Each structure stands twice: as structure tokens, then as C-alpha cells.
Peer 1: 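Submitted below is the structure of interest, expressed as C-alpha cells.
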Amino acid sequence: MDARVEIARLEGYLAWEAEVSAAERDARAFAEQFPWLSPGDRESVERAYAADRLRYAEGVVDRAVERCRQLADRYRSECRRICTRWAAVCLAVTLAVALLAVVPAALRA
């Protein structure tokens with residue numbers, strides 16, 4: 001595989017691990033607001049909080065990936081359209097130059 005792809009995968013992995021760590025840290029901070037919770041209840045609150053946050057983060061990532069795919073498709077389509085247009089312009093100019101070279105010679109004959 002391309003090294004850039006591997007680096008991108010590693011960056012994605014590290015970013016997700018950072019999100020997991022942040023979710024767990026924030027879950028602990030949230031649960032600490034409720035000192036009356038038993039240790040078991042506190043763990044349940046922390047797990048639920050972290051899981052909810054990670055579900056949300058996963059949705060954000062999924063929507064970003066989908067948007068990137070949509071933009072890539074759109075840009076590819078635009079690029080094809082522009083290339084086709086440029087090819088048509090080049091062909092038209094080539095034909096015009098060829099006609100301008102042939103017509104005066106044909107008129108002299």
C-alpha cells in the first residue's frame with residue numbers, strides 16, 4: 001500500500017483513540033458531580049456517558065466521510081466536464097486554423 005494511505009490510517013487511529021480517552025475523561029468528570037452514587041452506579045453512568053459520546057463522534061465522522069465522498073464525486077464530474085469542454089475548444093480551434101490555411105489556397109487556385 002501507499003505510504004500516504006498508511007499514514008492516514010495511523011492518523012485516523014490516533015485521532016479516534018484520543019476521542020475515546022477524552023470521552024472517558026469527561027465521563028469520569030461528569031460522574032464526579034454525583035457524589036451520592038455508589039461505585040457501581042458511577043461506573044454505569046461513566047460507561048453510558050462515554051458510549052453516548054462515542055456514538056455521537058462516530059456519527060460526526062461518518063457524516064464527514066460521506067461529505068468528502070460527495071465532494072470528490074462532484075469534483076471528478078466537474079473535472080471531466082471542464083476537460084471535455086477544453087477538448088472541444090482545442091478541436092474547434094484546430095479546425096478553424098486548418099480551414100484558414102486551406103481556404104486561401106483553394107481561392108487562389
Side-chain angles (χ1 to χ4, degrees):
M1 273 206 184
D2 188 12
R4 288 175 289 191
V5 172
E6 291 300 320
I7 290 171
R9 283 185 178 169
L10 180 59
E11 287 174 341
Y13 172 79
L14 293 173
W16 184 252
E17 287 301 309
E19 184 62 32
V20 169
S21 293
E24 290 170 348
R25 181 193 64 234
D26 293 348
R28 278 189 300 278
F30 178 75
E32 285 175 3
Q33 297 177 38
F34 310 104
W36 60 87
L37 291 175
S38 69
D41 289 341
R42 182 173 300 211
E43 279 184 32
S44 294
V45 167
E46 288 177 14
R47 274 194 307 274
Y49 183 101
D52 187 55
R53 169 136 169 215
L54 292 174
R55 269 192 304 278
Y56 175 78
E58 196 171 45
V60 168
V61 169
D62 289 345
R63 286 187 295 279
V65 166
E66 180 58 30
R67 182 65 179 144
C68 287
R69 286 184 179 138
Q70 289 172 351
L71 289 173
D73 290 345
R74 178 178 163 200
Y75 293 151
R76 267 194 288 287
S77 174
E78 281 294 308
C79 185
R80 272 189 236 106
R81 186 183 63 77
I82 290 169
C83 287
T84 301
R85 201 176 268 181
W86 268 109
V89 167
C90 290
L91 181 61
V93 168
T94 301
L95 289 174
V97 169
L99 282 175
L100 289 174
V102 171
V103 169
L107 291 177
R108 277 185 256 142

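In this text the structure is predicted, and so the values were computed from the model without any measurement.
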Peer 1: Taking Asp73's backbone N and O only, do any of them form a donor-acceptor pair with Ser77's side chain (distance below 3.5 Å, no angle check)?
Peer 2: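 No, because the side chain of Ser77 does not come within donor-acceptor range (under 3.5 Å) of the backbone of Asp73.
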
Peer 1: Quick one: closest heavy-atom pair of Ala50 and Ala27, and the distance?
Peer 2: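 So the two residues come closest at N-CB, 4.0 Å.
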
Peer 1: Give me each pair satisfying side-chain hydrogen bond (donor to acceptor under 3.5 Å, both in side chains) with a member in residues 16-28, each pair once, sequence neighbours excluded.
Peer 2: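 Output for this query lists Glu19-Arg53, Asp26-Arg53.
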
Peer 1: Rounded to the nearest 0.5 Å, what separates atom CZ in Arg47 from atom CG in Asp52?
Peer 2: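 Answer rounded to 0.5 Å: 14.5 Å.
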
Peer 1: State the CZ-CD distance between Arg9 and Glu6, to the nearest 0.5 angstrom.
Peer 2: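 Output value for this atom pair is 5.5 Å.
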
Peer 1: What's the separation between atom CZ in Arg42 and atom CD in Gln33, rounded to the nearest 0.5 Å?
Peer 2: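 That separation rounds to 10.5 Å.
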
Peer 1: Hydrophobic clustering (ILVMFWY, side-chain heavy atoms < 4.5 Å, transitive) - are Val97 and Trp86 grouped together?
Peer 2: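 Trp86 clusters together with Val97.
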
Peer 1: Under 4.5 Å between side-chain heavy atoms, hopping through other hydrophobics if needed: is there a path connecting Phe34 to Tyr49?
Peer 2: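 Both belong to a single hydrophobic cluster.
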
Peer 1: Can you tell me which residue among Gln70, Arg63, Arg69 is in a side-chain contact (heavy atoms from CB on, under 4.5 Å) with Arg67?
Peer 2: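 Running side-chain contact (heavy atoms from CB on, under 4.5 Å) over Gln70, Arg63, Arg69 with Arg67 returns exactly one hit, Gln70.
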
Peer 1: Would a 4.5 Å heavy-atom cut-off, applied to side chains only, mark Val60 and Tyr56 as touching?
Peer 2: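 Side-chain contact under 4.5 Å: yes.
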
Peer 1: Do Leu99 and Leu91 share a hydrophobic cluster (ILVMFWY, side-chain heavy atoms under 4.5 Å, transitive)?
Peer 2: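 Different clusters: Leu99 never reaches Leu91 through Ile, Leu, Val, Met, Phe, Trp or Tyr contacts under 4.5 Å.
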
Peer 1: Please report the C-alpha distance between Arg81 and Glu78 in whole Å, then the side-chain angles of each, then the deciding distance to 0.1 Å, and finally whether the salt bridge (charged side-chain N to carboxylate O under 4.0 Å, His left out) criterion is met.
Peer 2: CA-CA 5 Å; Arg81 186 183 63 77; Glu78 281 294 308; 2.7 Å; yes

